[in-house]
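What follows is a single structure, written as structure tokens, with notes after it.
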There are 2 protein chains.
Amino acid sequence: MEKDIKQLLESAENIALFGHKNPDGDCIGSLLGFGKLLEKMGKRVSYFTPTLPSRIYDFLPEIKKISSVFDYKNYDLLVFLDFSEMTRIDSFYNGDTKYFDEHQVIVIDHHVYKDNKKNRKVITDDTAMSACEIIFEHTYKRWPDLYDAQIATCLYLGLTTDSGNFRYDEDHKRILTNALRLVELGANKKRIVDNAFRKKSFAGVKMMQLMFKRLQKKGELIYTRYTDKDLKKLNIDREEADFGQIIIQDIDEAKVTIIFRNDEENKKCCMSLRSKHADVQKIAKSFGGGGHMHAAGCTVIRSGSFQQQVDEISTKIASMM
Amino acid sequence: MEKDIKQLLESAENIALFGHKNPDGDCIGSLLGFGKLLEKMGKRVSYFTPTLPSRIYDFLPEIKKISSVFDYKNYDLLVFLDFSEMTRIDSFYNGDTKYFDEHQVIVIDHHVYKDNKKNRKVITDDTAMSACEIIFEHTYKRWPDLYDAQIATCLYLGLTTDSGNFRYDEDHKRILTNALRLVELGANKKRIVDNAFRKKSFAGVKMMQLMFKRLQKKGELIYTRYTDKDLKKLNIDREEADFGQIIIQDIDEAKVTIIFRNDEENKKCCMSLRSKHADVQKIAKSFGGGGHMHAAGCTVIRSGSFQQQVDEISTKIASMM
């Protein structure tokens with residue numbers, strides 16, 4: 001960690017931590033882990049994400065600290081965790097980013113960094129599997145004595161969720177070294193595994209069944225679809241529906257997989273693309289979306305029947321491959 | 001490793017390694033990893049399992065060394081890997097265990113050891129998650145220079161498959177320490193993850209759909225069923241059908257989960273029981289089976305229609321809980 005960032009953290013008294021909308025395990029682990037560390041440094045810390053965490057994460061002791069309403073107080077320091085693009089917190093500013101441009105911001109993120117704003121200090125590393133890993137590597141060296149089991153548990157959460165529990169990582173030594181150290185520091189690995197990876201609901205499995213039933217193949221494209229109505233009917237949230245995608249994206253015959261979702265409220269057709277080798281970012285971009293090479297997403301306006309639209313788009317994408 | 005075992009291994013020239021029937025990743029990794037180590041010590045090594053490995057493991061370079069027909073040559077030494085009970089290799093002796101009682105046997109296993117035969121030397125540790133871990137811990141200290149990437153890869157396979165890729169382990173420091181060391185020794189983690197954990201077939205996912213569709217609840221018992229005909233129809237093997245069980249066993253509402261299989265060839269109804277907290281070994285024992293507290297199995301003679309039998313047994317088990 002560079003000196004100026006360390007000084008900013010040490011001199012601030014009131015700090016607001018931000019995660020992105022639809023916060024995942026890495027985002028939530030970053031907030032609660034880094035937040036606890038700052039609290040142990042004597043800071044007053046507030047936690048914000050534009051949408052609240054999935055109930056999957058209710059097992060984390062301090063999860064209720066996170067608010068989905070930003071209070072616009074005059075914080076000494078804002079910290080963006082697991083994101084850098086303002087669109088990821090757009091519901092917090094309604095078009096006018098003035099507050100966020102005028103306050104000192106620190107970004108800690110493992111996505112490619114593009115912004116160039118003067119009020120920002122940045123710790124990014126897109127070779128890291130998770131923001132939690134970056135936080136751990138940068139802060140443990142500086143403040144080893146502040147570490148406790150709770151901080152280690154939160155950071156371990158992000159390390160495992162973003163790597164699919166050691167399935168997607170590329171720097172194996174790095175992630176295993178960090179995982180081992182966090183466990184040695186008291187990370188409750190079992191609790192995280194049980195809650196983030198081994199907690200399926202009967203309804204969640206029925207949702208998978210629905211997604212698998214609708215599975216279709218067009219050449220090397222394999223896709224399925226679901227609607228928000230399906231979620232409501234089974235009383236589960238989107239993060240639970242993601243379990244189905246985790247299975248589908250591993251199908252060997254597929255070069256690309258897509259989960260289509262009918263977003264009824266916003267009248268949109270959302271696509272979540274995955275691949276093991278092909279570049280799905282390109283495909284997503286051609287529909288105005290973005291992401292990474294192996295995981296990308298895009299959204300188009302709904303037209304015609306949902307199923308018809310899925311048929312049309314899948315045919316188009318299959319022909320692009 | 002005790003001196004006498006080390007001496008037995010060093011003095012033997014022709015060694016036969018045995019794995020159990022329906023060999024899993026730990027069994028196969030033990031055979032190929034330990035076998036390669038012995039080969040590098042200059043031994044002639046033969047590899048036997050009563051049934052051949054699932055095609056899931058075809059990615060391992062030396063998998064074809066394993067034979068399902070035992071040749072009864074006069075080996076200097078037999079090594080049982082990942083099992084100790086003779087029933088696990090019963091098709092090799094047809095009731096007469098004389099050959100196996102008269103030859104020197106070494107057992108390396110992570111299940112509770114019960115036998116008391118004089119011709120055996122035993123390395124068991126039922127606190128280890130896998131036989132591969134025991135092999136690694138005992139042999140790396142003795143013969144570090146013999147280790148290469150291939151041996152490390154084979155042993156890493158068992159370490160991850162038996163732990164469900166770091167999901168079921170209890171001694172987290174131990175498994176992460178061993179995993180890190182094996183990766184440092186060149187274990188091809190990515191290859192194992194891609195093949196053992198990320199390789200689903202379209203047919204395999206359709207099999208899951210079938211199992212999820214037939215999912216039923218009786219109190220805190222959740223169960224499903226499939227027949228060998230289902231497997232044939234989809235052209236998949238039992239190990240691929242296990243993917244469905246991995247999901248079902250994690251359902252939160254279930255105290256106990258059971259997968260019923262109609263074994264048409266042997267006219268049997270096979271039950272595979274799982275639990276996160278309850279003791280399923282007890283239930284399995286009451287049907288003449290056995291296993292561990294959280295994973296057990298049993299088999300009964302088929303009678304009536306398969307579905308009817310499943311209904312009856314599930315009602316009985318639900319009332320026992």
Side-chain angles (χ1 to χ4, degrees), chain A residues 156 160 163-184 187-190 192-217 222 224 243-244 246-254 257 276-277, chain B residues 156 160 163-184 187-190 192-217 222 224 243-244 246-254 257 276-277:
Chain A
Y156 190 90
T160 47
S163 70
N165 205 31
F166 306 102
R167 298 188 333 142
Y168 314 135
D169 50 289
E170 288 180 2
D171 190 341
H172 313 311
K173 279 182 211 171
R174 181 178 180 179
I175 197 168
L176 287 169
T177 301
N178 284 330
L180 178 60
R181 276 191 200 150
L182 286 168
V183 164
E184 283 169 346
N188 195 334
K189 174 177 178 298
K190 185 170 163 43
I192 288 170
V193 167
D194 284 351
N195 283 283
F197 294 100
R198 298 197 63 191
K199 210 182 179 87
K200 306 265 185 305
S201 67
F202 192 85
V205 174
K206 283 293 178 187
M207 182 68 200
M208 280 192 217
Q209 184 209 322
L210 202 76
M211 290 167 78
F212 296 169
K213 189 179 156 193
R214 294 175 183 160
L215 212 55
Q216 286 188 275
K217 238 196 275 194
I222 288 181
T224 190
F243 286 132
I246 289 169
I247 308 282
I248 290 168
Q249 71 189 14
D250 283 348
I251 294 178
D252 217 35
E253 294 94 330
T257 62
K276 285 190 208 167
H277 311 290
Chain B
Y156 190 90
T160 47
S163 71
N165 205 31
F166 306 102
R167 298 187 335 141
Y168 313 134
D169 50 289
E170 288 180 2
D171 190 341
H172 313 312
K173 278 182 213 174
R174 181 177 181 180
I175 197 168
L176 287 169
T177 301
N178 284 330
L180 178 59
R181 276 191 201 150
L182 286 168
V183 164
E184 283 168 347
N188 195 333
K189 174 178 178 296
K190 184 169 164 43
I192 288 170
V193 167
D194 284 351
N195 284 283
F197 294 101
R198 298 198 63 191
K199 210 183 178 86
K200 305 265 185 304
S201 67
F202 193 85
V205 173
K206 283 293 177 186
M207 182 68 200
M208 281 193 216
Q209 184 209 323
L210 202 76
M211 290 167 77
F212 296 168
K213 188 179 157 193
R214 294 174 183 160
L215 211 56
Q216 285 188 275
K217 238 196 273 193
I222 288 180
T224 190
F243 286 131
I246 289 169
I247 308 281
I248 291 169
Q249 71 189 15
D250 283 348
I251 294 178
D252 216 37
E253 294 93 330
T257 62
K276 285 190 210 168
H277 311 290

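At distances below 3.5 Å, not a single donor-acceptor pair connects side-chain atoms of B/Lys189 with backbone N or O atoms of A/Glu170.
Within the 4.5 Å cutoff, the side chain of A/Leu176 has no heavy atoms near those of the B/Glu184 side chain. With contacts defined as side-chain heavy-atom distances shorter than 4.5 Å, the pair B/Ile247/A/Ile247 qualifies. Between A/Met208 and B/Met208 there is no side-chain heavy-atom pair separated by less than 4.5 Å. Side-chain contact between A/Val193 and B/Phe166 is absent, with no heavy-atom pair separated by less than 4.5 Å.
The CG atom of A/Leu180 lies 12.0 Å from the NE2 atom of B/His172; values are rounded to the nearest 0.5 Å. In this structure, A/Asp252 CG and B/Asn195 CG are separated by 8.0 Å, a value rounded to the nearest 0.5 Å. B/Phe202 CZ to A/Phe212 CZ: the interatomic distance, rounded to the nearest 0.5 Å, is 11.0 Å.
Heavy atoms closer than 4.5 Å to chain B are found in both the backbone and the side chain of A/Leu215. Proximity to chain A involves both the backbone and the side chain of B/Ile251, based on heavy atoms less than 4.5 angstrom apart.
Per-residue counts of heavy-atom pairs under 4.5 Å with chain B were compared for A/Ile246, A/Asp169, A/Ile175, A/Ile192; the largest is that of A/Asp169. Between chain A and the residues B/Lys276, B/Lys173, B/Lys190, B/Lys213, the most heavy-atom pairs under 4.5 angstrom are made by B/Lys213.
Looking at every heavy atom in both residues, A/Phe197 comes nearest to B/Arg167 through O-NH1, 3.2 Å. Between A/Gln249 and B/Arg198, the shortest heavy-atom distance links the atoms NE2-NH2, 4.3 Å.
For CZ of A/Arg181, the number of neighbouring non-hydrogen atoms (other residues, nucleotides, ligands) closer than 6.0 Å is 12 at most.
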